[in-house]
Amino acid sequence: MKVAVCDYRAGNIRSVEIALRRLGAELVDDIQGADLAVLPGVGAARSAMGELQRQGLDEALRGRVRDGRPVLGICLGLQLAVEWSEEDGGVDGLGLLPGKALRLREGRVPRIGWAEVDGTAYYFAHSYAVETPAATAWSDGIVAEARSGAFLGVQFHPEKSGAAGARYLDRVLTQVRERSLSRA
């Protein structure tokens with residue numbers, strides 16, 4: 001399976017690439033031709049969106065989702081997928097998912113560490129979280145996963161979540177593979 005990891009000059013791209021390679025993914029640079037595009041996490045919204053726009057990756061990702069081609073957003077990747085983020089004084093997002101990203105107002109900020117999602121512990125590191133009607137899983141009242149059309153986003157870092165994260169990524173790759181076979 002061909003997977004393209006969007007390099008917007010921030011984020012933990014290498015960790016994501018290593019985790020995907022371990023699961024047998026072939027990493028490619030072609031966002032349009034890949035079976036799955038991944039928008040990884042870590043960074044600031046304004047600089048990340050600026051780099052996505054500069055490289056034309058914003059439109060490439062919108063086109064993929066519009067065409068029903070899978071995109072996985074991780075942490076900041078989920079936050080960039082919504083329509084707007086309050087980070088950096090307000091930043092328009094990709095609009096792949098309805099909603100907005102807001103600064104955490106309760107508990108420790110940043111929220112760093114292990115937390116459960118549907119009975120499984122994953123690693124989180126974030127100061128912002130999305131509010132979206134497309135949420136499919138929560139962790140301590142915070143959206144942990146959201147899906148809309150071909151977009152899937154997670155607030156946690158599967159690439160940093162050990163065996164549980166590897167199982168999660170493997171399920172995503174399996175779903176993409178099965179979806180590709182059913183469309184063929």
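Remember, predicted model here, so these are calculated numbers, not experimental data.
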Ring pair (Phe, Tyr, Trp, His ring centres under 6.0 Å) contacts touching residues 85-119 (sequence neighbours left out)
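For residues 85-119: Trp114-Tyr123.
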
Interatomic distance, [X] atom [atom1] to [Y] atom [atom2] [nearest 0.5 angstrom]:
| X | Y | atom1 | atom2 | result |
| --- | --- | --- | --- | --- |
| Arg103 | Glu87 | CZ | CD | 8.5 Å |
| Leu52 | Glu59 | CG | CD | 11.0 Å |
| Arg147 | Leu152 | CZ | CG | 4.5 Å |
| Gln53 | Asp58 | CD | CG | 5.0 Å |
| Leu39 | Cys75 | CG | SG | 10.5 Å |
| Tyr168 | Asp118 | OH | CG | 9.5 Å |

side-chain contact (heavy atoms from CB on, under 4.5 Å), that's the test. Do Leu76 and Val42 meet it? Break it down for me.
CA-CA 6 Å; Leu76 179 61; Val42 183; 6.0 Å; no

Quick check: closest heavy atoms across [X] and [Y], and the distance to 0.1 Å?
| X | Y | answer |
| --- | --- | --- |
| Gly68 | Ala150 | C-CB, 3.5 Å |
| Phe124 | Tyr122 | CD1-O, 3.4 Å |
| His157 | Ile74 | ND1-CG2, 3.9 Å |
| Leu78 | Ala146 | CD1-CB, 4.2 Å |
| Ala4 | Asp30 | CB-O, 3.8 Å |

For the pair [X] (side chain) and [Y] (backbone), establish whether a donor and an acceptor sit closer than 3.5 Å, ignoring hydrogens and angles.
| X | Y | result |
| --- | --- | --- |
| Arg54 | Tyr8 | no |
| Arg64 | Ile31 | yes |
| Asp7 | Arg9 | yes |

Option among Lys100, Gln155, His126 that satisfies the side chain to side chain donor-acceptor pair (under 3.5 Å) test with Gln79:
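Single pass found, and it is Gln155.
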
Should Asp140 and Arg111 count as an ion pair when the cut-off is N to O under 4.0 Å?
yes

Step by step, work out the salt bridge (Lys or Arg N to Asp or Glu O under 4.0 Å) result for Glu145 and Arg171.
CA-CA 14 Å; Glu145 180 189 79; Arg171 281 193 305 272; over 6 Å; no

